[in-house]
Amino acid sequence: GKENRVLFYLLGLLLLQAGKENRVLFHCLGLLLLQAGKENRVLFHCLGLLLLLAGHCILDAHSLLLSLWPHVISIYPVFENQCSTLNVCAEYVHTFFSNMLLSLRWEEAKYEDGVKWKFLEHKGPHFPPEYQPLPDNVHFYYNGNIVKLSLAAEEVALFYAQMLDHEYTTKEVFRNNFFKDWRKEMTLEERMLITDLSKCDFGELHAMHVEKVEARKAMNKEDKLVIKEANQRIVDEYGFCMLDNHRERIGNFKIEPPGLFRGRGEHPKQGYLKKRIQPEDVIINCGKGSRVPEPPAGHRWKEVRYDNTVTWLASWTENVQGSCKYIMLNPSSKLKGEKDWEKYEVARRLKSCVDRIRLQYQQDLKSKQMVNRQRAVALYFIDVLALRAGNEKEEGETADTVGCCSLRVEHITLYDRLEGSDCVVEFDFLGKDCIRYYNKVPVTKRVFKNLKLFMENKEPGDDLFDRLNTGLLNKHLSSLMPGLTAKVFRTYNASITLQEQLRKLSNGTANQAEKLLSYNRANRAVAVLCNHQRAPPKTFDQSMANLQSKIEVRREQLTLAKSELTLAKKEVKGHCSDSKLLALVERKKKAVQRCEEQIMKMEVQATDREENKQIALGTSKLNYLDPRISIAWCKNMEVPLEKIYNKSQRDKFAWAVDMTQTDFIF
DNA sequence: TGTGACACTTAGAAAACCCCGG
DNA sequence: CCGGGGTTTTCTAAGTGTCACA
């Protein structure tokens with residue numbers, strides 16, 4: 001009855017205040033009851049079921065709804081033929097819950113220290129399919145003879161064969177590592193026989209693989225759809241989890257399939273076999289009182305634990321480097337979103353005290369203590385050049401790359417004078433992912449003098465900052481501001497640069513293409529600062545040429561359209577105000593305008609693409625730029641958000657989309 | 001004070017997808 | 001409708017930073 005609806009509404013409000021587990025649900029329920037007409041039986045039935053389920057800590061409205069509809073239809077078969085009624089009802093309930101949950105999403109209470117969640121339920125990771133043995137007509141040859149390999153050896157051989165088109169297989173280290181690990185998978189007989197990789201012929205295996213790839217590309221629509229649907233079913237089953245009150249997407253719910261290790265750059269372990277992961281290798285993490293995921297038939301998990309101080313759902317140890325791998329949530333999740341927000345808030349706090357900190361390290365450049373001087377110079381690099389911290393790495397385990405604290409003397413060259421500037425430092429080293437950092441930077445006299453001092457009596461291979469490491473640096477930083485570490489400078493400098501560049505470059509009266517060009521240029525300034533590079537696309541020159549020729553074609557069309565317009569105008573003069581001729585003039589005018597617009601758009605695009613040849617914008621956009629800056633800019637410039645963020649970026653930054661006003665300042 | 005395990009963010013390449021012009 | 005080129009998504013390697021422990 002009506003009184004009960006009001007009662008439920010009040011109960012919802014009360015629970016909301018009290019911060020109880022089911023508060024969101026009850027609140028929604030109360031509001032829904034309040035609004036729903038008595039005559040809406042389906043809705044009321046849903047609510048009844050909802051109430052029942054509320055006791056079973058399944059709290060996500062959307063998934064509830066999905067599971068409820070078949071039920072509703074089974075009870076009210078008559079509605080199956082009344083799609084519109086059902087759809088209207090479904091839509092109503094869905095929108096209602098979605099809005100309600102959205103508005104409450106960012107306002108829920110925080111948990112006590114270290115606790116990341118209270119409830120976590122998932123289906124466990126998805127395992128890659130079993131190895132399919134080669135068909136009988138595909139052979140491996142050794143020394144010209146067909147050799148039928150054992151299943152294990154065959155699988156690994158195929159990993160190699162699939163990579164034959166790749167540069168990896170030309171590298172000595174890769175080949176040797178692969179061969180060493182491959183032989184471990186062989187039977188004794190195979191090992192006795194196969195002793196030389198250069199005598200192996202993987203040609204048929206490789207051809208089979210290429211053929212498979214081609215076949216998949218050439219598949220007709222229906223077959224593609226079948227595959228797509230099968231994939232979708234996997235996503236539906238394994239791709240989501242229930243974390244507290246939310247149904248969240250999981251980021252990487254698939255166990256990494258076996259293969260050959262693809263380390264970047266001159267990685268000493270490239271080519272080693274990355275082994276197949278079994279359920280027996282996997283640790284499951286979930287909530288106490290949740291349904292524990294079932295291991296695949298005939299298997300068991302390595303361990304099931306209930307640790308709510310971490311955010312991963314499953315983990316295993318990878319065999320090549322011995323490191324842990326985790327299954328975690330998608331960036332769109334509340335958990336990740338809040339962490340992201342926090343990151344930018346720390347960076348904004350740095351903004352308010354960065355002047356003080358800069359003054360401090362300028363002072364420290366004169367310190368009597370060598371450690372402090374080194375720390376000051378390192379900090380100067382991190383702040384001005386946005387270098388990474390540079391943790392030490394185990395030698396021989398990874399490619400030889402460095403960051404700030406791990407710079408060695410051979411990575412910089414000092415010039416008293418270079419290209420018209422005094423005190424120039426030339427940097428040349430490989431950073432993360434073996435991306436080369438090359439830069440010539442004029443520095444202050446004091447920094448320069450210190451660097452000379454640090455280089456004294458050292459040889460290539462010696463640390464530039466021999467008294468410093470990231471631990472020491474971060475300890476100092478956190479004493480200057482709570483939560484401050486070296487990487488915060490990258491976030492801060494990236495975001496402040498974007499804001500600054502947007503202010504400088506954008507013009508409210510420009511057209512949309514120009515606005516977007518200035519946004520991309522601001523983004524580019526950040527990518528350059530952070531040294532985010534990419535391999536120029538293989539088809540770059542070709543596609544640039546294509547674009548240019550398209551522009552040419554349009555130019556010709558424009559000339560033509562212009563002359564047609566002039567002609568039409570002349571005729572109008574001759575036959576004063578013939579309505580048909582006037583319309584023609586208008587049409588021609590439009591055509592000219594359209595051509596001009598298209599040419600302009602393409603030219604802007606060409607500029608943008610040329611400037612972007614070797615620069616990757618994605619990384620900074622996704623990890624360093626406070627999305628609120630971009631969202632506020634879009635609002636102020638009246639540029640639709642989807643012009644700068646695609647769907648998944650908008651999902652990831654949902655927190656910022658929800659809260660950003662036009663007056664946001666980083 | 002150093003060290004390794006662990007958890008989590010950041011990164012570019014490659015695969016998959018999708019859209020547009022011929 | 002189809003192919004190719006650009007965009008998006010996926011994949012997983014490679015960093016950062018903290019903490020417990022010796």
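Sequence lines set the chain letters: A, B, ... in the order given, protein chains first and strands last, and positions in each chain run from 1.
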Do any side-chain atoms of residues 228-240 of chain A form donor-acceptor pairs under 3.5 angstrom with protein atoms, and if so which ones, sequence neighbours left out?
from     : atom 1 : to       : atom 2 : distance (Å)
A:Gln232 : NE2    : A:Asp236 : OD1    : 3.0

Below 4.0 Å: OP1/OP2 of [N] and any side-chain N or O of [X]:
| X | N | value |
| --- | --- | --- |
| A:Tyr624 | B:dT9 | no |
| A:His166 | B:dA14 | yes |
| A:Thr619 | B:dG12 | yes |
| A:Lys343 | B:dT10 | yes |
| A:Lys224 | B:dC17 | no |

Item to check | A:Phe202 ring center within less than 6.0 Å of A:Trp182 ring center | outcome: yes
Next on the checklist: Can you give me the closest heavy-atom contact between A:His267 and A:Ala399, atom names plus distance?
Outcome noted: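 Heavy atoms only, the tightest pair is CD2-N, 4.0 Å.
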Next on the checklist: Judged by each residue's nearest nucleotide on DNA chain B, which is more toward the 5′ side, A:Cys324 or A:Cys530?
Outcome noted: A:Cys324
[X] near the nucleic acid: base, sugar-phosphate alone, or nothing, with a heavy-atom cut-off under 4.0 Å?
| X | result |
| --- | --- |
| A:Arg249 | sugar-phosphate |
| A:Lys475 | nothing |
| A:Leu622 | nothing |

Given atom [atom1] of [X] and atom [atom2] of [N], what is their separation to the nearest angstrom?
| X | N | atom1 | atom2 | result |
| --- | --- | --- | --- | --- |
| A:Leu472 | B:dG2 | CG | P | 8 Å |
| A:Tyr326 | B:dA5 | OH | P | 12 Å |
| A:Asn330 | B:dC8 | CG | P | 16 Å |

Item to check | Axis deviation across the helix from B:dT1-C:dA22 to B:dG22-C:dC1, five-pair ends, to the nearest 10° | outcome: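 Here the helix ends are tilted 0° relative to one another.
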Under 3.5 Å, which N/O atoms of the protein pair with N/O atoms of nucleotides 4-8 of chain C?
from  : atom 1 : to       : atom 2 : distance (Å)
C:dG6 : OP1    : A:Ser543 : OG     : 3.1
C:dG6 : OP1    : A:Arg609 : NH1    : 2.9

Checklist entry - Under the side chain to side chain donor-acceptor pair (under 3.5 Å) test, which residues partner A:Glu397, sequence neighbours left out? => result A:Lys269
Next on the checklist: Checking A:Glu211 now: which residues fulfil side chain to side chain donor-acceptor pair (under 3.5 Å) with it, not counting sequence neighbours?
Outcome noted: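 Not a single residue meets the side chain to side chain donor-acceptor pair (under 3.5 Å) criterion with A:Glu211.
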Residue pairs fulfilling salt bridge (charged side-chain N to carboxylate O under 4.0 Å, His left out) with at least one residue in [range], sequence neighbours excluded:
| range | value |
| --- | --- |
| residues 518-528 of chain A | A:Arg521-A:Glu611, A:Arg524-A:Asp608, A:Arg524-A:Glu611 |
| residues 639-649 of chain A | A:Lys647-A:Asp651 |
| residues 253-262 of chain A | A:Glu256-A:Lys274, A:Glu256-A:Lys325 |

Checklist entry - Considering residues at least two apart in sequence or located in another chain, which fulfil the side chain to side chain contact (heavy atoms under 4.5 Å, CB included) criterion with A:Lys212? => result A:Met208
Item to check | Reading 5' to 3' through nucleotides 12-22 of chain C, protein heavy-atom contacts under 4.0 Å coded B for base, S for sugar-phosphate only, - for none | outcome: SSBSBBS----
Checklist outcome for this item: Across all chains, not counting sequence neighbours, the ring-ring contact (aromatic ring centres under 6.0 Å, His included) partners of A:Tyr519 are A:Trp633
Next on the checklist: Quick test of your reading: applying ring pair (Phe, Tyr, Trp, His ring centres under 6.0 Å), list the pairs with at least one residue in residues 611-630 of chain A, sequence neighbours left out, ordered by first then second residue.
Outcome noted: A:His532-A:Tyr624
Checklist entry - For the side chain of A:Arg490 and the backbone of A:Ala386, is there at least one donor-acceptor N/O pair under 3.5 Å apart? => result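 Here the side-chain-to-backbone pair exists.
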